[in-house]
Amino acid sequence: MAARQDQGLQIALIVFVFLFVVFAAMSYLFYKSSSDAKANVADLQKQMQEKSASESKAKEENGKFRQLMGFGEVDSAEEVEKTFGDDIKKYGGDPSSGSYRTVLDAVFKAKEETEGRESAAKEQIKGLKESLLAVEGAKEKQVVEFQSEMKKAQEDAAGERNRFEHDRKGLEDTKKQLLANLETQRTTYEGQAADKDAKIKELDDKLGKSEHAKQNLLAEVSKSSDTFEVADGRVSLANQDGTVWINLGSADSLRRQITFSVFDADQHDAAKATKKGSLEVTKVLGDHLAEARVTDDDAKNPILAGDQIYSQVWHRGKKLHFALNGVIDVNGDGHSDLQMVRDLVELNGGVVDAYLGEDGKVNGEITVNTRYLVMGKFPESATQTGMQKGWQEMIDAGKTNGVEVIKLDKFLNQIGYAPKDRTVQMGAAAQHDDFVPGPETGESTSAAKTGTGNFRPRSPVRIPIGM
């Protein structure tokens, strides 16, 4: 029992001691906090006094600055900023600087520039005044010189006026004389013109009568049954294998490949004679001897010795001139054979003076030396309308020059050229393609194409004279 009581006292003592320590610690903390608070309060009061003094000083300085800048002490910051912005716009300066010093700098720079310009202007004015004085002096000198020259010019003008009056009087006298001469010449000219008109009328009458006589003569010639065309030669010897010899040779300017039409010996008008065949010269053997091959004949009326030969193109020792008009289509295939006929004329010793091109242009010129105007087909198709003007132009030129007109088929017939005959060039000029067998009949391909079964068309080749 006594032990239990001692233990309770010990616990109570411990609790008491613990509470005392806690109270003592709290008392110290309260005391410490109170002491620190008093010190803080004293510091704050001191800071407030210093701040109040600083604010008073700043307020005083702000008022002075406002006065220096021209603002009132009670002006608000918004009014100050607005006034600053207006001053920057008005006087110049950097708005971003927020200071009036930029305005002062800008004004100072402007003042310096103005003073510099003013100084330069003064110097310029001084120079101008000096120049003006020099100009005034020169002007006075020029005025004196001008007055002197004007006086001299007036004197010269008076002299020129007197000379002008004298020259004008002379010109008037000359004019009167010229008018008199002109009237005389006009009378003489009118008389000469009348005589000239009378002579022109007389010549026109003669020309008209001559033209009428020419037309009548041409009409009579065209109606005449005789053309007075004589044979160029005759057949001296004929062979049954189609080879003949004629009495023409190198002395007659004969060449290979010249063709002739053949007619009976008893016919005298070569142009009107009935053709019995044609032949082509193959060899010139002598001065008046040549070999030829028959290119067209009639078994019932064969070519014999003594038959006469004639060519519309070739003439002994002379070149005949021709003109080709219209569409030249020899074989009727629808393609132009103009070049072939031109070559044929030249091959036979003739000259083509003019021809109608496929573009409708007349190439060359028909003259009085043109022997025949060879007429092809009229260009009537839609693609040949451009040739019709040239067609008529060549006809008119032929009439003007009195050129005889002959149709193409008759022309070819009289020179011994047969468009339907197909021949193959022999000798060095031959080509192996001309003798290729056909697919079935064995005839040449050219014959197969033409359907004649004989030979291909002869292509005229220019042979030098003497061959």
Side-chain angles (χ1 to χ4, degrees), residues 218 221-222 227 229 232 257-263 269-275 277-280 295-296 310-315 319-367 369-381 383-399 401-423 450 452 457-460:
L218 291 175
V221 169
S222 62
T227 62
E229 293 286 349
D232 295 312
Q257 290 192 315
I258 293 179
T259 57
F260 294 93
S261 60
V262 184
F263 58 93
D269 190 346
K272 297 291 185 177
T274 301
K275 176 183 174 183
S278 60
L279 54 86
E280 178 184 0
T295 58
D296 181 34
Y310 171 73
S311 173
Q312 193 74 270
V313 178
W314 184 86
H315 191 76
K319 290 182 177 293
L320 297 182
H321 294 251
F322 300 85
L324 307 177
N325 191 15
V327 180
I328 306 299
D329 185 3
V330 175
N331 49 20
D333 60 356
H335 298 285
S336 174
D337 295 316
L338 174 62
Q339 187 60 48
M340 187 198 73
V341 175
R342 289 178 58 195
D343 292 340
L344 187 62
V345 171
E346 294 181 8
L347 180 67
N348 284 272
V351 178
V352 177
D353 289 340
Y355 63 91
L356 179 61
E358 295 183 15
D359 57 355
K361 180 181 178 181
V362 177
N363 298 273
E365 181 182 6
I366 297 176
T367 67
N369 294 322
T370 305
R371 181 65 179 86
Y372 289 103
L373 175 59
V374 181
M375 301 296 293
K377 295 180 181 179
F378 178 75
E380 58 185 359
S381 69
T383 59
Q384 297 170 340
T385 54
M387 301 174 62
Q388 295 178 3
K389 182 179 179 181
W391 164 279
Q392 189 60 45
E393 181 181 341
M394 293 193 71
I395 291 179
D396 294 340
K399 290 181 179 179
N401 292 279
V403 179
E404 184 176 349
V405 177
I406 184 173
K407 292 184 178 181
L408 176 63
D409 54 352
K410 183 178 180 182
F411 170 76
L412 295 175
N413 185 59
Q414 290 185 353
I415 66 174
Y417 181 82
K420 294 182 180 180
D421 290 342
R422 308 302 182 186
T423 62
T450 57
T452 61
R458 178 171 60 87
S459 298

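Counting begins at 1 with the first residue of the sequence. Computed from heavy atoms alone, side chains included, the values below leave out hydrogens, waters and symmetry copies.
Distance CG/Asn348 to CG/Leu320: 10.5 Å, rounded to 0.5 Å. How far CG of Leu324 is from CE of Met394: 7.0 Å, rounded to the nearest 0.5 Å. The distance from atom CG of Leu279 to atom CD1 of Ile258, rounded to the nearest 0.5 Å, is 11.5 Å. Taken to the nearest 0.5 Å, the CG atom of Leu412 stands 13.5 Å off from the NZ atom of Lys407. Asp343 contributes atom CG, which lies 9.5 Å from atom CG of Leu338 (distance to the nearest 0.5 angstrom). To the nearest 0.5 Å, the span separating CG on Leu408 from CD1 on Ile328 amounts to 5.0 Å.
In terms of modelled atom types and a separation under 3.5 Å, the side chain of Glu346 and the main chain of Val352 share no donor-acceptor contact. A donor-acceptor pair under 3.5 Å is formed between the side chain of Thr295 and the backbone N or O of Ser278. Judged by distance alone, the side chain of Ser311 and the main-chain N or O of Phe260 form no donor-acceptor pair under 3.5 Å.
The two atoms that bring Val330 and Met340 nearest to each other are CG2-CE, 3.5 Å, heavy atoms only. Heavy-atom minimum distance, Met387 versus Gly326: CE-O, 4.0 Å. The two residues Lys361 and Asp359 come nearest to each other via the heavy atoms N-OD1, 3.1 Å. Val345 and Val351 make their closest contact through CG1-N, 3.9 Å (heavy atoms, listed as atom of the first residue, atom of the second, distance). Glu365 and Ala354 get closest at one heavy-atom pair: N-CB, 3.5 Å.
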I'd like to know whether Val403 forms a side-chain contact (heavy atoms from CB on, under 4.5 Å) with Ile366, so could you lay out the CA-CA distance, the side-chain angles of the two residues, the decisive distance to 0.1 Å, and finally the verdict.
CA-CA 8 Å; Val403 179; Ile366 297 176; 3.7 Å; yes

Does the pair Met375 and Ile395 meet the rule for a side-chain contact (heavy atoms from CB on, under 4.5 Å), with working shown?
CA-CA 9 Å; Met375 301 296 293; Ile395 291 179; 4.0 Å; yes

Criterion side-chain contact (heavy atoms from CB on, under 4.5 Å) on Phe322 and Arg342, from CA distance to verdict:
CA-CA 9 Å; Phe322 300 85; Arg342 289 178 58 195; over 6 Å; no

Checking side-chain contact (heavy atoms from CB on, under 4.5 Å) for the pair Trp391/Asn325: CA distance, chi angles, key distance, verdict?
CA-CA 6 Å; Trp391 164 279; Asn325 191 15; 3.9 Å; yes

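With respect to Asp353, the side chain to side chain donor-acceptor pair (under 3.5 Å) criterion is satisfied by exactly one of Thr370, Asn363, Asn369: Thr370.
Counting heavy atoms of neighbouring residues, nucleotides and ligands inside a 6.0 Å radius, atom CD of Glu358 does not exceed 12 of them.
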